[in-house]
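Okay, structure first, notes after.
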Amino acid sequence: MLKWYKETGKNSDVVISSRIRLARNLKSFPFSAKLGKEQALELVEKLKAAAPALEAGKEKKYYSCNVDILSDSEKTAMVERHIISPLLLAREQSTGLILSEDERISVMLNEEDHLRIQSITGGMNIMGAFTEANAADDIASGLFDYAFHEKYGYLTSCPTNVGTGLRASYMMFLPALNATGKIIKLAEELSQYGIALRGTYGEASKSVGNLYQISNQKTLGSTEREIIESLNRIVEQVMKQERRYREYILTHNYDEFEDKVYRSFGVLKYAKQLSSGDAMTLLSQVKLGIDLELLSLKEECNVHELMMEIQPGNLQCILDKNMGSAQRDRFRADYIREKLPDMA
């Protein structure tokens, strides 16, 4: 089935993906930070039983597993594809995962909360993601007794998630705002509206390939739809700014920018070795060149899909081979050369 990162949806020149995450906890267990080793294992086994119920009546399969049985490459690849979080990867206790075959729905078990229900879609489609996450939550709530307070809503490990337990986020491609030095100011402005701008993999991460996450910070005192509508208004403004600065770059530095795009394409097509950082920077330039119609390729190319596939974990999973960094750099260059179409 078509994976979410292979989709190109509405406003995909700026909005790469839309994600909804719901934090939930069971009444009968302490919060994850207070769980003992045996309790954590018991919790994960109990929660994995939700997989058949999620699959019932659906046209796609769901899989469940204990995360510790996965290889290091598989776990890293899942972080790169935003299926699991770096926090889940770092957990020493028993953790689990329920995942739909198209990877649009994932449920992390015993991360910061007992359940982290996530739906992710390509492009600007946050309501589509919310509908899917909410449907999965309805099924899970029929199986498990959630920790819920009439006044405060869903009870969570972190106070910022109390209330709806909802985190709505967009992955945005912001090369022009970054190139013009506006990102830091943007982050400061967004924080005043209760919106966080973070790196590619969330809190404490840096941006890779000009990819940034923008999400709500507060969940208490607002409904799910109010949170989503507020975020959408902010994201619309960020899109306008990004596109305005793209036009500014084209107007004031056309020749220099065009040269940079073509140089980036040339390196990607002829380099013999490429680190993941260099490859992401170059692919970012090529994506922007395609979006602005400066660069035309013989075949359609989803550059974000290629960005995902050339990350260290995903590359090793695709090639079914464990490699050191030097070997990965060579295979990465070969892979990009094969997948990136020639210029028209």
Side-chain angles (χ1 to χ4, degrees), residues 19-51 53-54 62 64-70 75 78-79 82-99 105-120 129-130 132-169 194 196 198 201-205 213 215-224 227:
R19 183 177 68 172
I20 292 289
R21 191 209 65 203
L22 302 172
R24 302 288 187 259
N25 289 280
L26 273 57
K27 267 187 183 178
S28 53
F29 286 83
F31 286 141
S32 291
K34 298 290 186 180
L35 286 173
K37 184 178 179 180
E38 294 302 319
Q39 283 180 308
L41 184 60
E42 180 187 354
L43 173 70
V44 170
E45 292 305 312
K46 181 182 180 73
L47 294 176
K48 279 164 56 182
L54 288 171
Y62 279 79
S64 65
C65 71
N66 291 74
V67 173
D68 56 12
I69 71 167
L70 303 173
K75 287 185 279 191
M78 285 186 173
V79 172
H82 304 280
I83 293 169
I84 64 174
S85 66
L87 178 60
L88 186 79
L89 191 63
R91 291 273 291 171
E92 294 183 0
Q93 286 186 336
S94 178
T95 56
L97 174 69
I98 299 173
L99 180 66
I105 298 286
S106 63
V107 185
M108 291 185 285
L109 312 178
N110 193 29
E111 193 228 33
E112 186 176 74
D113 294 288
H114 298 159
L115 288 157
R116 285 287 177 96
I117 301 169
Q118 174 181 279
S119 175
I120 188 166
F130 175 71
E132 290 197 342
N134 199 42
D137 183 43
D138 286 344
I139 292 169
S141 66
L143 298 173
F144 310 116
D145 194 7
Y146 285 159
F148 185 85
H149 190 280
E150 296 230 352
K151 180 178 179 181
Y152 299 112
Y154 293 102
L155 302 180
T156 58
S157 293
C158 181
T160 59
N161 290 320
V162 171
T164 62
L166 180 144
R167 184 62 55 89
S169 65
R198 297 189 172 101
Y201 297 104
E203 193 170 358
S205 69
Q213 284 190 31
S215 62
N216 66 297
Q217 290 181 298
K218 188 175 70 170
T219 66
L220 185 63
S222 301
T223 67
E224 288 94 341
I227 291 169

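Residue numbers start at 1 and run along the sequence shown. Just so it is clear, the values below take in all heavy atoms, side chains as well, and ignore hydrogens, waters and symmetry mates.
Scanning all heavy atoms of the two residues, the minimum distance from Ser64 to Ala51 falls at CB-CB, 4.0 Å. Listed here is the closest heavy atom pair of Ser222 and Ile227: CB-CG1, 3.8 Å. Between Ala140 and Ile117 the shortest heavy-atom distance is CB-CD1, 4.4 Å.
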Evaluate the side chain to side chain contact (heavy atoms under 4.5 Å, CB included) criterion for residues Asn66 and Ser94: first the C-alpha distance (whole Å), next the side-chain angles of each, then the deciding distance (0.1 Å), finally the verdict. CA-CA 7 Å; Asn66 291 74; Ser94 178; 3.7 Å; yes
Assess the residue pair Leu115 and Leu109 against the criterion (side chain to side chain contact (heavy atoms under 4.5 Å, CB included)); give the C-alpha distance rounded to whole Å, side-chain angles, the decisive distance to 0.1 Å, and a yes or no. CA-CA 5 Å; Leu115 288 157; Leu109 312 178; 3.7 Å; yes
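Side chains of Arg167 and Asn216 form a contact here, defined as non-hydrogen atoms less than 4.5 Å apart. A heavy-atom distance below 4.5 Å is not found between the side chains of Glu42 and Glu45. Looking at Arg116 and Leu88, their side chains never come closer than 4.5 Å, going by heavy atoms from C-beta outward.
Under the 3.5 Å distance criterion, the side-chain polar atoms of Asn25 are matched with a main-chain donor or acceptor of Leu155. A donor-acceptor pair is defined here as one N or O able to donate and one able to accept, closer than 3.5 Å; such a pair exists between the side chain of Thr156 and the backbone of Val162. No side-chain donor-acceptor contact under 3.5 Å links Thr164 to the backbone of Glu224. The backbone N or O of Ser215 lies less than 3.5 Å from no partner atom in the side chain of Ser169, so there is not a single donor-acceptor pair.
Take Ser32 and apply the side chain to side chain donor-acceptor pair (under 3.5 Å) test, not counting sequence neighbours, and it matches Asn110.
Classified by interplanar angle (parallel below 30°, tilted 30° to 60°, perpendicular above 60°), the ring pair Tyr201/His82 is parallel.
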